[in-house]
**Q** 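Here's a structure for you.
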Amino acid sequence: MLEDDSFQQRVYQIVAAIPYGHVTTYGEIARLAGSPRAARQVGGVLRRLPAGSKLPWHRVINRKGSISLPGDNLKRQRDALAAEGIEVSDEGRVSLSRYRCQW
DNA sequence: TGAATGACAAATT
DNA sequence: TAATTTGCCATTC
């Protein structure tokens with residue numbers, strides 16, 4: 001487990017590397033993880049993420065720059081992004097050209 | 001072991 | 001141009 005090079009572990013590390021005040025897309029994370037077509041699995045990992053995780057999962061959004069979370073979770077992420085100085089629309093949409101991390 | 005699921009993305013109509 | 005459908009790949013049941 002310590003040196004687990006599974007996809008889940010990689011996504012975990014990549015998301016943890018997202019700088020404050022910046023966001024990234026699932027596809028980008030998937031590509032950095034080594035599977036450009038595994039964007040869904042990135043979301044799948046975050047979906048299984050425990051509530052007490054230190055991961056800034058709220059900095060991960062879809063290609064359209066919107067939050068894909070349903071219901072209350074979406075509101076939670078929107079609040080978390082706003083707390084980092086990121087302006088989010090009522091629909092949970094963010095300006096990718098402005099906040100997207102360029103690595 | 002096999003089939004189903006899913007916090008996306010790209011291609012097509 | 002916008003909306004809809006299909007494909008993908010790792011994890012879960």
Side-chain angles (χ1 to χ4, degrees):
Chain A
M1 297 229 211
L2 223 57
E3 297 174 7
D4 185 4
D5 53 347
S6 71
F7 206 82
Q8 180 175 353
Q9 189 65 26
R10 282 204 201 162
V11 172
Y12 200 93
Q13 295 285 350
I14 294 168
V15 174
I18 303 175
Y20 180 92
H22 287 263
V23 297
T24 189
T25 64
Y26 297 97
E28 194 65 39
I29 294 175
R31 171 141 67 143
L32 295 173
S35 296
R37 311 295 148 167
R40 273 183 132 190
Q41 278 49 261
V42 177
V45 172
L46 299 181
R47 183 186 179 277
R48 290 257 172 216
L49 218 56
S53 178
K54 311 294 191 298
L55 262 182
W57 57 271
H58 50 266
R59 293 178 191 159
V60 184
I61 54 185
N62 60 20
R63 230 300 201 150
K64 290 179 288 201
S66 307
I67 301 174
S68 301
L69 269 72
D72 296 338
N73 273 346
L74 185 144
K75 286 167 62 177
R76 195 181 304 169
Q77 179 167 8
R78 185 157 73 100
D79 184 60
L81 290 173
E84 297 194 351
I86 301 177
E87 295 184 45
V88 188
S89 297
D90 295 337
E91 296 177 343
R93 205 182 71 208
V94 190
S95 297
L96 276 176
S97 12
R98 186 184 282 171
Y99 295 110
R100 174 116 129 63
C101 184
Q102 317 253 331
W103 299 102

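Here is the naming used below: chain letters follow the sequence lines, and residue numbers restart at 1 for every chain. For the numbers below, each heavy atom of this structure counts, side chains included, while hydrogens, waters and symmetry mates do not.
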**Q** Is A/E91 close to A/L74 at the side-chain level, that is, under 4.5 Å between some pair of heavy atoms?
**A**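 When only atoms from C-beta onward are counted, A/E91 and A/L74 do not touch, as no gap falls below 4.5 Å.
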**Q** Please enumerate all residues that pass side chain to side chain contact (heavy atoms under 4.5 Å, CB included) together with A/Q13, with sequence neighbours excluded.
**A**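 Once residues adjacent in sequence are excluded, the partners of A/Q13 under the side chain to side chain contact (heavy atoms under 4.5 Å, CB included) criterion are A/Q9.
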**Q** How would you summarise protein contacts on nucleotides 8-13 of chain C per nucleotide, using B for base, S for sugar-phosphate only and - for none, with heavy-atom distances below 4.0 Å?
**A** BBBSS-
**Q** If I compare all heavy atoms of A/S66 with all of A/R93, which pair ends up nearest, and what's the gap?
**A**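 Between these two residues, the closest heavy atoms are OG-CG, 3.1 Å.
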**Q** Between atom CD of A/Q102 and atom OG1 of A/T24, what is the distance when rounded to the nearest 0.5 Å?
**A**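 Nearest 0.5 Å value for the CD-OG1 distance: 10.0 Å.
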**Q** Just jot down the side chain to side chain contact (heavy atoms under 4.5 Å, CB included) partners of A/D79, sequence neighbours excluded, or say none.
**A**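 Expected list: none.
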**Q** Can you find a pair of side-chain heavy atoms, one from A/V11 and one from A/I14, that are under 4.5 Å apart?
**A**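 A/V11 does not reach A/I14 side chain to side chain.
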**Q** With heavy-atom distances below 4.5 Å as the criterion, would you say the side chains of A/L81 and A/Y99 are in contact?
**A**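 Of all side-chain heavy-atom pairs linking A/Y99 with A/L81, none is under 4.5 Å.
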**Q** What do you reckon, is CZ of A/R31 surrounded by more than 12 foreign heavy atoms closer than 6.0 Å?
**A**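 No, the 6.0 Å shell around CZ holds no more than 12 heavy atoms from other groups.
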**Q** To the nearest 0.5 Å, what is the distance between NE2 on A/H22 and CD1 on A/I86?
**A**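 If we round to the nearest 0.5 Å, A/H22:NE2 and A/I86:CD1 are 8.0 Å apart.
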**Q** For DNA chain B, which residues of residues 22-32 of chain A approach it to below 4.0 angstrom with any heavy atom?
**A**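 Only A/T25, A/Y26, A/G27 qualify.
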**Q** Which pair of non-hydrogen atoms, one from A/A33 and one from A/F7, has the smallest distance, and what is that distance?
**A**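 Scanning both residues completely, I find the closest heavy atoms to be CB-CZ, 3.5 Å.
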**Q** Give the residues of residues 55-66 of chain A touching DNA chain B, defined as any heavy atom closer than 4.0 Å, sorted by residue number.
**A**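 Under 4.0 Å from DNA chain B: A/W57, A/N62, A/R63.
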**Q** Using modelled atom types and a 3.5 Å cut-off, is there a donor and acceptor pairing between side-chain atoms of A/Q77 and backbone atoms of A/V60?
**A**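 Indeed, once roles are kept as given, a pair shorter than 3.5 Å links the two residues.
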**Q** Can you tell if the side chain of A/V45 reaches within under 4.5 Å of the side chain of A/V15, non-hydrogen atoms only?
**A**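 Answer no - side chains too far apart.
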**Q** Mind listing the residues from residues 79-95 of chain A sitting with a heavy atom below 4.0 Å of DNA chain B? Number order is fine.
**A**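 Correct list: empty, so none.
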